[in-house]
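One structure is given here, and the rest of the page talks about it.
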Amino acid sequence: MPSGDAAIQRVVEGTVMRALFPRDAERRAFLKSVGAGTALAAVSQFLPTGLIAEAFAQGAKPEKTDLKIGFIPITCATPIIMAKPMGFYEKQGLNVEVVKTAGWAVIRDKTLNREYDAAHMLAPMPIAISLGVGSNPQPYTMPAVENVNGQAITLAMKHKDRRDPKDWKGFKLAVPFDYSMHNYLLRYYLAEAGIDPDTDVQIRAVPPPDMVANLRADNIDGFLAPDPVNQRAVYDGVGFIHILSKEIWDRHPCCAFAASQEFITQTPNTYAALLRAIIEATTYAAKPENRKEIAAQIAPANYLNQPVTVVEQVLTGTFADGLGNVRKVPDRVDFDAFPWQSFAVWIMTQMQRWGQIKGDVDYAAVAAKVYLATDAARLMKQNGLTPPETTTKSFVVMGKTFDPAKPKEYLDSFKIKRAG
């Protein structure tokens, strides 16, 4: 049996082959027809498994230590932000500047232009970038989920007696970006109530830092937003929390740590060190007893620029809803780094549903290429954690089970959609 570096190399190669050929029979047939050596050589042309294997050997020195990571000032970025003041980057030998950024399009453009080495992104963005949806195609990856849950639908106070979405025809609603879980969850929620999100309401993209001001100015009736935007609307007395996103789909992905494939292959040791720091920070944030400490670290002006009490209400899950109630939902936002590839498959069904991508999509192949579950699992093990044994799972969205092996059937089941 190989040991040390050779063992890591074999594990990486084996993982890549399983990702390319998830069915055992197909994989064996392919290897038998071309030979294992030829197959692995072909794979290595596109993904240098040797470099990645080397990077995941603990202690490899980063090729580059001074890094810039862009983030949007929302609690979804908690692990990326807190890793700076709490020393998680420094522990990995990295000097990271976390850069507060105005909006998602700016994050995307600065990352594609290499002004940022990596970024806090919405979970659908690496898929959109890889497929060339909304920008020129560029191979992009998501090795870690930043947070699960952590969103809500907030409405202006004048609508506190219009809680039934069937009554929302004519509403102007905001989401942070076209390629966001917020957009897809809002559309899903509206469509389940019989509201066509493209004809019965207006949905516009508004940067999260501008959402409360737009609600106050009566430019919009509400939004499906990341926190702390929802809690800030309550704090300022201009809105109430209608429904938490976890009540639509519990433990849905929200934001992610993302990096270009070029960054991973050209600086694999740096990538591994950075991902280790993110996973460690995410693991720390997942513990409820750490949430108040984290809130105090990320609330200041150079990060979220919010009152500590607003951030605490979000992270601890004990919060005022704007309707006179104090709710206790400990996992209102939670932190789980594992990038389930079935998340990516669901996202692509919604991109197709609403006409963002057209034609046939090899869901499994794109999911495996963009959502790097294997890298996350390896580093979770290095940190003494137990990652899931598979990369896909089924889940329930508004009472309907999603089977990642049957995306076409799922897409066809919707009455309201743009796809044919």
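Hydrogens, waters and symmetry mates are skipped; everything else that's a heavy atom, side chains included, is used.
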TODO: Mind running side chain to side chain contact (heavy atoms under 4.5 Å, CB included) on Phe177 and Met125 for me, showing each step along the way?
DONE: CA-CA 9 Å; Phe177 198 55; Met125 285 174 66; 4.1 Å; yes
TODO: Begin with the C-alpha distance, continue with both residues' side-chain angles, and end with the deciding distance and a verdict on side chain to side chain contact (heavy atoms under 4.5 Å, CB included) for Leu304 and Ile81.
DONE: CA-CA 9 Å; Leu304 297 188; Ile81 299 171; 3.9 Å; yes
TODO: Walk me through it: do Asp200 and Leu190 pass the test side chain to side chain contact (heavy atoms under 4.5 Å, CB included)?
DONE: CA-CA 9 Å; Asp200 293 334; Leu190 291 169; over 6 Å; no
Open item on the list: Quick one, His120 with Ile72, criterion side chain to side chain contact (heavy atoms under 4.5 Å, CB included). Give me CA distance, side-chain angles, the key distance, then yes/no.
Closed with: CA-CA 7 Å; His120 160 217; Ile72 301 289; 3.9 Å; yes
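Ring pair Phe171/Trp168 is parallel by interplanar angle, where below 30° counts as parallel and above 60° as perpendicular. Relative ring orientation between Phe263 and Tyr271 is described as perpendicular, the plane-to-plane angle rising above 60° on a 0-90° scale split at 30° and 60°. In this structure, Tyr303 and Phe71 have tilted ring planes: the angle between them lies in the 30° to 60° band.
Val229 and Val212 get closest at one heavy-atom pair: O-CG2, 3.6 Å. Nearest approach of Ala320 to Gln231, heavy atoms of both residues: O-NE2, 2.9 Å. Between Thr349 and Pro407 the shortest heavy-atom distance is CG2-CB, 3.8 Å. The shortest non-hydrogen separation linking Ala152 to Ile241 is CB-CG2, 4.0 Å. Closest non-hydrogen pair, Pro330 versus Arg291, comes out as O-NH1, 3.9 Å. Between Asp198 and Asp196, the closest heavy-atom pair is N-OD1, 2.8 Å.
Atom CH2 in Trp249 sits 10.0 Å away from atom CG in Asn149 (nearest 0.5 Å). From Lys110, atom NZ reaches atom OH of Tyr116 across 5.0 Å, with rounding to the nearest 0.5 Å. A distance of 3.5 Å separates CE in Met121 from OH in Tyr140, rounded to the nearest 0.5 Å. Taking CD1 of Ile264 as the start and CG of Leu274 as the end, the distance is 10.0 Å to the nearest 0.5 Å. Remark: Leu185 CG to Lys246 NZ distance equals 14.0 Å, nearest 0.5 Å. Here the straight-line distance linking atom CZ of Phe240 with atom CG of Asn230 works out to 11.5 Å at 0.5 Å rounding.
For Glu90, the CD atom is loosely surrounded, since the number of other residues' heavy atoms within 6.0 Å does not exceed 12. With a 6.0 Å radius and a threshold of 12 heavy atoms from other residues, nucleotides or ligands, Lys172 has its NZ atom at or below the threshold. Within a 6.0 Å radius of CG in Asp360, no more than 12 heavy atoms belonging to other residues, nucleotides or ligands are found.
Two residues are said to be in side-chain contact when any heavy atoms from C-beta on lie closer than 4.5 Å; Gln306 and Ile298 fail this criterion. Asp321 has its side chain out of reach of Val234: every pair of non-hydrogen atoms, C-beta onward, lies at least 4.5 Å apart. By the 4.5 Å heavy-atom criterion applied to side chains, Lys84 and Asn95 are counted as neighbours. Met86 places a side-chain heavy atom less than 4.5 Å from the side chain of Glu293. Within the 4.5 Å cutoff, the side chain of Pro268 has heavy atoms near those of the Glu63 side chain. No side-chain heavy atom of Asn147 sits under 4.5 Å from any side-chain heavy atom of Thr78. Contact of the Ile107 side chain with the Leu122 side chain is not registered, since no non-hydrogen atoms from C-beta on lie closer than 4.5 Å. Residues Ile416 and Pro197 have side chains in contact (heavy-atom distance under 4.5 Å, counting atoms from C-beta outward).
Between the side chain of Asn325 and the backbone N or O of Arg327, no donor-acceptor pair lies under 3.5 Å. No donor-acceptor distance shorter than 3.5 angstrom exists from the side chain of Thr282 to the backbone of Phe335, with no hydrogens or angles considered. The main-chain N or O of Ala123 is found under 3.5 Å from a side-chain atom of Tyr371 such that the two form a donor-acceptor pair. In this structure, the side chain of Gln356 engages the main chain of Asp178 through a donor-acceptor pair within 3.5 Å. Between the Glu247 side chain and the Leu244 main chain, a donor and an acceptor come within less than 3.5 Å of each other. Checking side-chain atoms of Arg332 against main-chain N and O of Gly150 turns up no donor-acceptor pair under 3.5 Å. In this structure, the side chain of Arg187 does not engage the main chain of Gln350 through any donor-acceptor pair within 3.5 Å. With Thr391 contributing its side chain and Gln341 its backbone, the two residues share no donor-acceptor pair below 3.5 Å. No side-chain donor-acceptor contact under 3.5 Å links Gln151 to the backbone of Leu224. Side-chain N or O atoms of Thr265 include one that pairs as donor or acceptor with a backbone N or O of Glu262 at under 3.5 Å.
For the 3.5 Å distance criterion, the side chains of Tyr410 and Trp346 qualify, holding a donor opposite an acceptor. Looking at Gln261 and Thr141, their side chains never bring a donor and an acceptor atom within 3.5 Å of each other. Side-chain contact of His242 with Tyr189: a donor-acceptor pair under 3.5 Å is present, judged by distance alone.
Geometrically, Arg251 does not engage Phe395 in a cation-pi contact, judged by NZ or CZ lying under 6.0 Å from the ring centre and within 45° of the ring axis. For the pair Arg353 and Tyr188, the distance from NZ or CZ to the six-membered ring centre is under 6.0 Å and the angle to the ring normal is within 45 degrees.
With respect to the salt-bridge test (charged N to carboxylate O, under 4.0 angstrom), the residues Asp117 and Lys64 qualify.
Applying the ring pair (Phe, Tyr, Trp, His ring centres under 6.0 Å) test to Phe257 and every residue at least two apart in sequence or in another chain returns nothing. Taking Pro388 as the reference, Phe338, Trp340 meet the side-chain contact (heavy atoms from CB on, under 4.5 Å) condition, with sequence neighbours excluded. Under the side-chain contact (heavy atoms from CB on, under 4.5 Å) criterion, Lys292 pairs with Glu312, Thr316, not counting sequence neighbours. For Ala83, the side-chain contact (heavy atoms from CB on, under 4.5 Å) partners are Phe88, Tyr89, Ala281, not counting sequence neighbours. The side-chain contact (heavy atoms from CB on, under 4.5 Å) search around Lys287 returns Glu289, Asn290, not counting sequence neighbours.
Checking Cys254, Cys255, Cys76 one by one against Glu146, the side-chain contact (heavy atoms from CB on, under 4.5 Å) holds for a single residue, Cys255.
Evaluation of the salt bridge (charged side-chain N to carboxylate O under 4.0 Å, His left out) test over residues 385-411, restricted to residues two or more places apart or in two chains, returns Lys408-Asp412.
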